[in-house]
Structure formats: structure tokens, C-alpha cells
Amino acid sequence: MDEFQSGEETSFVVEEVSNIMKEAIESAIGGNAYQHSKVNQWTTSVVEQTLSQLTKLGKPFKYIVTCVIMQKNGAGLHTASSCFWDNTSDGNCTVRWENKTMYCIVSAFGLAI
Amino acid sequence: MEEFHPHSDEMTFNAEEAHNIVKECIEGILGKVDYNHNKVNQWTATIVEQSLTHLVKLGKTYKYIVTCAVMQKCGAGLHTASSCFWDTTTDGTCTVRWENRTMNCIVNVFAIAVVL
């Protein structure tokens, strides 16, 4: 019985995913100041763009992408995440970005099918 | 050759059950305290770990991701979004929002079915 062997990498490549996320952030909010009326649109655009680029990689993974945008106002923000998965095949990547008026934190989790 | 049929009631994500589990964890850890910069890291870590432990104890064949954000109430705007590429029949998510006088807490649970 032949085993299915993929010539391409089927593991979660952090650098590749990180670049995808940085591009999505730059194109959605790069150069903009925090604006209450637009933020919802921005967070949606970041997650959707990231997710669509990740799926285009064609790897057998399920993905979860989350994005947090916070106005710079002196408030403290702490985040944590914990995952119960297969350490050999699954992975995650978090990108932190900021400008003068806001912080943006995007996390991507990839789980092998 | 017999096919393995997983129990249908165990292959869907019960969001209500997860919601209750997480809510109890948050209440237990943040219920009686005010925002404290020195302790927040400890709190967020405990919330995600406890929630994850309880979810795993449900014994379902799922992988879980639990994220928690705690923010000081300071007038700042906070927006979050998430998007998932998965099997909508078996996978699911649940978000719990909690607050008290000095802080907001948002916990997300993502559950991905494991296909054996």
C-alpha cells in the first residue's frame, strides 16, 4: 500500500505566516490613525485577508486568525492563550504592530487535519 | 470492512457547556479583585490554563485553543475580530465577555474536531 507523501512541507511555517500577517496589517491600517468608526472594518479586513492568504498556501490545515486593535490611551492590555493540540504538526504565530495612535495584535493558529 | 462511526452527539461543539466552564473560571479568578498590573499576567495565564483543563476533561476528541484578553477600564477603545477556516459541521467557537468596575475580560474558545 502506497503512503501518501507530500513533496511540499506540511508543517506550520512560522516565518511564512508571520509575513502574511504583517502584509495584511500594513495594507489594512498602515498609515491610519485610530478611528472609532472604521475599526470594525479594519479588524475584519485584517483577519479576512490573512485567512485567505493562508488558505492559498494549500496546506492541509484548519486555521484560526484573531485580531485585536486597541486605542493608545494608557490602559493596560494583557492577553494569554493556551492550546491543546498536536505539538508535532500544529503551530501558532503572533504579530504585534503599533503606530502613534493604536496597537494591533494578530494571532494565527494552524491545526493539521 | 466495518467503518468507524463516531457518536454523533459527541462530534459537535457544545458552546453553552464551554461558555459555562469559562465563565466559572473567570469568576473564580477575577471575581473579587481590581485591576492590578503586577498580577494580570498571572490571572490571564491561570484563566486559560484552567479553562483548557476543564474543556479537556469533557473527554471529547477535540483540539482546543483558549485565548484571554484583560484590559484596564480606561476609556480606550478595544476591537477584536476572528476568522476561521475549518469544518463548520464539527468545529465551533464560543466567546465570553466579563467585566467589573476596573477591567474587561474577553475569553475565546476555539474547538477543532480531531478526525481519527
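Convention: sequence-line order gives letters A, B, ...; per-chain numbering from 1.
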Given the options [options], which has more heavy-atom pairs under 4.5 Å with chain A than any of the others?
options	result
B/Trp86, B/Phe85, B/Phe110, B/Trp43	B/Phe85
B/Ala113, B/Gly75, B/Cys105, B/Cys68	B/Cys68
B/Val115, B/Asp91, B/Asn108, B/Ile47	B/Asp91

So, the part of A/Asp86 with a heavy atom under 4.5 Å from chain B: the answer is both

If one checks every heavy atom of A/Tyr34 against chain B at 4.5 Å, the contacting part turns out to be side chain

Quick one, [X] and [Y] - any side-chain contact, counting heavy atoms below 4.5 Å?
X	Y	value
A/Trp97	A/Met21	no
B/Arg97	B/Ile106	yes
B/Thr102	B/Lys73	no
B/Leu30	B/Trp98	yes
A/Asn92	B/Ile65	no

In terms of heavy-atom pairs under 4.5 Å with chain B, which of [options] leads?
options	answer
A/His78, A/Lys62, A/Gln71, A/Met102	A/His78
A/Asn40, A/Ile69, A/Thr43	A/Ile69
A/Ala80, A/Cys83, A/Ser81, A/Ser52	A/Ala80
A/Asp90, A/Ile113, A/Thr66	A/Thr66
A/Val106, A/Leu54, A/Leu51	A/Leu51

If one checks every heavy atom of B/Val56 against chain A at 4.5 Å, the contacting part turns out to be side chain

Okay, B/Asp87 and chain A: the region with an atom under 4.5 Å from a heavy atom over there is both

Interatomic distance, OG@A/Ser11 vs NZ@A/Lys59, rounded to 0.5 Å, equals 5.5 Å

Rounding to 0.5 Å, atoms CD (A/Glu48) and CD (A/Gln53) come to a distance of 12.5 Å

Note to self: For the residue pair A/Gln35 / A/Trp42, report whether a side-chain donor-acceptor contact shorter than 3.5 Å exists.
What the structure shows: no

